[in-house]
Amino acid sequence: MTDARGLPLSIDTASASEAEVNLIEPLLDAAATPLVPGTLIDDKAADCDALRDRLADRNVDLVTPHRKNRVRPSKQDGRKLRRYRRRWKIERTVSWLHDFRRLIVRHEFYWSLYHGFAKLACIVMAVRRL
């Protein structure tokens with residue numbers, strides 16, 4: 001999770017078989033700052049009405065384009081989707097993480113070591129940006 005400038009706020013690692021919908025709330029809980037952003041921009045994998053309702057209880061607005069096979073009517077209007085165009089900032093932050101060779105290829109056997117190095121990379125990126 002990053003802020004609007006691309007500064008990392010939290011990072012989490014999980015199995016590849018986890019659904020992305022189940023990973024968003026623990027990511028918000030692991031934020032480095034007590035202030036959680038009011039708007040969360042994500043891709044189509046997070047299009048879930050139950051997740052939208054749970055995040056609305058936390059005063060977080062989820063902005064995602066709807067999937068093609070969506071049966072229920074949409075819960076957001078098209079004006080909010082204009083913010084989705086700014087998603088390139090998150091992709092830029094991911095490319096900054098690829099500057100750290102240890103994160104490109106996972107050398108560690110234990111996930112806790114990999115997670116620690118990912119957090120260390122986020123700290124270095126934050127210090128460079130400030």
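None of the values given here were measured: they were computed from a predicted structure.
By the criterion of side-chain heavy atoms lying less than 4.5 angstrom apart, applied directly or through intervening Ile, Leu, Val, Met, Phe, Trp or Tyr residues, F117 is grouped together with V124 in one hydrophobic cluster. F109 and L113 fall within the same hydrophobic cluster, defined by Ile, Leu, Val, Met, Phe, Trp and Tyr side-chain heavy atoms under 4.5 Å apart, directly or through other members. Both L120 and W96 belong to a single network of hydrophobic side chains, linked directly or stepwise wherever heavy atoms of I, L, V, M, F, W or Y lie under 4.5 Å apart.
Taking 4.0 Å as the cut-off between side-chain N and carboxylate O, D61 and R52 do not count as a salt-bridged pair.
Residues M125 and F100 are in side-chain contact: their nearest non-hydrogen atoms beyond the backbone lie under 4.5 Å apart. Between L40 and I24 the shortest side-chain heavy-atom distance falls below 4.5 Å. Side-chain contact check for R58 versus L28: some heavy-atom pair is nearer than 4.5 Å. Side-chain atoms of T2 and R92, non-hydrogen and from C-beta on, never get closer than 4.5 Å to each other. Side-chain atoms of V63 and D42, non-hydrogen and from C-beta on, never get closer than 4.5 Å to each other. Residues C122 and L97 have side chains in contact (heavy-atom distance under 4.5 Å, counting atoms from C-beta outward).
Screening residues 113-130 for salt bridge (Lys or Arg N to Asp or Glu O under 4.0 Å), with sequence neighbours left out, gives no hits.
Interatomic distance, L62 CG to D53 CG, rounded to the nearest 0.5 Å: 10.5 Å. Residue T93 holds its OG1 atom at 12.0 Å from CE of M1, rounded to the nearest 0.5 Å.
Contact record, D47 with P65: CB-O, 4.0 Å, taken as the closest heavy-atom pair. Looking at every heavy atom in both residues, E25 comes nearest to L55 through CG-CD2, 4.3 Å. Looking at every heavy atom in both residues, A121 comes nearest to L103 through CB-CD1, 3.6 Å. Shortest non-hydrogen contact noted between V21 and A46 is CG2-CA, 4.1 Å.
With sequence neighbours excluded, the residues forming a side-chain contact (heavy atoms from CB on, under 4.5 Å) with P26 are D12, listed by chain and number.
Cluster partners of W88, using a side-chain heavy-atom cutoff of under 4.5 Å among ILVMFWY residues and allowing indirect links: none.
D3 contributes a side-chain N or O that, together with a main-chain N or O of L7, makes up a donor-acceptor pair within less than 3.5 Å. Put simply, the side chain of S10 gets close to the backbone of L27: a donor and an acceptor are under 3.5 Å apart.
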